Amino acid sequence: MTKLSVNINKFATLRNSRGGNNPDVLRAAINAQQFGADGVTVHPRPDERHIRYQDVRDIREIITTEFNIEGNPTEQKFIDLVLETKPHQVTLVPDALGQLTSDHGWDTIKHKDYLIDIIGVFKKAGIRVSIFVDPVIEMVEGAALTGTDRVELYTEGYASAFASGNSLEAVTPYVHAANRAKELKLGLNAGHDLDLTNLKYFKQHIPFLDEVSIGHALVCDAIYLGFENTVQLYKRQLA
C-alpha cells in the first residue's frame, strides 16, 4: 500500500499571512490523521515563513500516524530540530536559503561524502532517512552509496509533462529510476505537484511506491471540496 502523507505547510502560510492562529496548524495535523492520511509532512525553513519550528515541536506531540520532516540539512538549526523531535522520517532537500519551493534533487555523486556523514547522524538517532533526487539513474545509484533508506523522486517534471498530454513520456524516466531504486533495495517516495489528475497514473506505473507527500494541490482542493473529502479522494487514487 502506498501511504499518503499530507504536507500542511500551506495551512501555516495562510495563518501567517494574517497573524493569530487561524487556521490552526495543530488542528490541521490532527484532522489530516482523523480523515485518513497515513502521515503528516512539514517543511520548516530557516525564515519560518510557513511552518515554524515550534509548530514542529507541537505537532510531534499529537502524531498518531507517521511524521515526516523535510528540509535542508546544511542548516544546523534544522539538524538540531530533527534530532530534538525525532520524527519517523527526515527527508533531506537541497534547498537554497530563501528558496520559494523545492525545485531539484541532490547531486548524489558530487555530494556523496557530505550525504554519508549527515545521513549517518540521523540514522544513529533512529530516524529513517529519505533524500530528494531527480529521476536520473546515476543519481539513484549515487544515493544507494550514501546509506539512505529511501529516495524521494522529485515529480515536478512528471506533472508538467503530464499536463501537456504526454503521459507516457512523462512517467517513463520515473519508472526507470524507480525500478533501479528497487533493484538497489532503496525505499521509494515521491512528491511535488502530484494531484488528483496525475497521481493515479503515476501510481499505476510504479505500484511499489512506498509514500507520496502532497501539500499544495491537496490544500487547494480542500478549499473547494472540503478537507476530509479531499484526503479520501487522494487515498482512492493510491488504492
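Please read all numbers here as calculations on a predicted model, not as lab measurements.
Residues in residues 8-32 take part in these ring-ring contact (aromatic ring centres under 6.0 Å, His included) pairs, two or more places apart or across chains: F11-F227. Residues in residues 206-223 take part in these side-chain hydrogen bond (donor to acceptor under 3.5 Å, both in side chains) pairs, two or more places apart or across chains: T41-S213, Q89-E211, D221-Y234. For residues 20-41, the pairs satisfying salt bridge (charged side-chain N to carboxylate O under 4.0 Å, His left out) are D38-K235, with sequence neighbours left out. Within the structure, the side-chain hydrogen bond (donor to acceptor under 3.5 Å, both in side chains) test picks out the following pairs touching residues 170-187 (sequence neighbours left out): E141-R180, R180-E183.
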Inset, instruction - Apply salt bridge (charged side-chain N to carboxylate O under 4.0 Å, His left out) to the pair R52 and D58, showing each step before the final yes or no. - result: CA-CA 10 Å; R52 299 169 182 151; D58 293 341; over 6 Å; no
Inset, instruction - Run the numbers on R128 and N68 for side-chain hydrogen bond (donor to acceptor under 3.5 Å, both in side chains), then give the verdict. - result: CA-CA 9 Å; R128 185 174 74 236; N68 173 46; over 6 Å; no
Inset, instruction - Take E75 and N72 through the side-chain hydrogen bond (donor to acceptor under 3.5 Å, both in side chains) test and state the conclusion after the steps. - result: CA-CA 6 Å; E75 296 288 334; N72 188 338; 5.7 Å; no
Legend entry - Chi angles and distances behind the side-chain contact (heavy atoms from CB on, under 4.5 Å) call for T2, F202: CA-CA 11 Å; T2 302; F202 192 82; over 6 Å; no
Legend entry - salt bridge (charged side-chain N to carboxylate O under 4.0 Å, His left out) between R45 and D47, worked out: CA-CA 6 Å; R45 286 184 165 87; D47 59 8; over 6 Å; no
Inset, instruction - Please step through side-chain hydrogen bond (donor to acceptor under 3.5 Å, both in side chains) for the pair E152 and S130, ending with a clear verdict. - result: CA-CA 6 Å; E152 177 172 335; S130 178; 4.7 Å; no
Legend entry - Derivation and outcome, side-chain contact (heavy atoms from CB on, under 4.5 Å), residues N31 and E228: CA-CA 8 Å; N31 287 156; E228 181 172 7; over 6 Å; no
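Of the candidates N16, D55, N9, N9 is the only one forming a side-chain hydrogen bond (donor to acceptor under 3.5 Å, both in side chains) with H50.
Side-chain contact between I127 and V82 is present, with heavy atoms from C-beta onward closer than 4.5 Å. Taking 4.5 Å as the limit, every side-chain heavy atom of Y158 sits out of range of all side-chain heavy atoms of L153. Side chains of V171 and N198 form no contact here, defined as non-hydrogen atoms less than 4.5 Å apart. Counting heavy atoms from C-beta on, the side chains of V151 and N189 never come closer than 4.5 Å.
By the neighbour-count criterion of 12 heavy atoms within 6.0 Å, atom NZ of K3 is sparsely surrounded, having that number or fewer from other residues, nucleotides or ligands. Environment of NZ in K77: crowded, with over 12 heavy atoms of neighbouring residues, nucleotides or ligands closer than 6.0 Å.
Side chains of S164 and N166: a donor-acceptor N/O pair is absent below 3.5 angstrom, by distance only. Between the side chains of N229 and Q232, no donor-acceptor pair of N or O atoms lies under 3.5 Å.
Contact between A29 and I59 at its shortest, heavy atoms only, is CB-CG2, 4.1 Å. Here the closest non-hydrogen pair linking T108 and M139 is OG1-O, 2.7 Å. Pairing each heavy atom of P173 with each of A170, the nearest pair is CD-O, 3.7 Å. Taking every heavy atom of both residues into account, G36 and V231 meet most closely at C-CG1, 4.0 Å.
Checked against the 6.0 Å centroid criterion, the rings of F67 and H88 do not qualify as a close aromatic pair.
For T230, the side chain to side chain donor-acceptor pair (under 3.5 Å) criterion is met by no residue, not counting sequence neighbours. In this view, D193 satisfies the salt bridge (charged side-chain N to carboxylate O under 4.0 Å, His left out) rule with no residue, not counting sequence neighbours.
Linking ILVMFWY side-chain heavy atoms closer than 4.5 Å, directly or via other members, places I131 and I116 in two distinct hydrophobic clusters. L14 is not connected to I30 by any chain of hydrophobic side-chain contacts under 4.5 Å among Ile, Leu, Val, Met, Phe, Trp and Tyr, and they are in different clusters.
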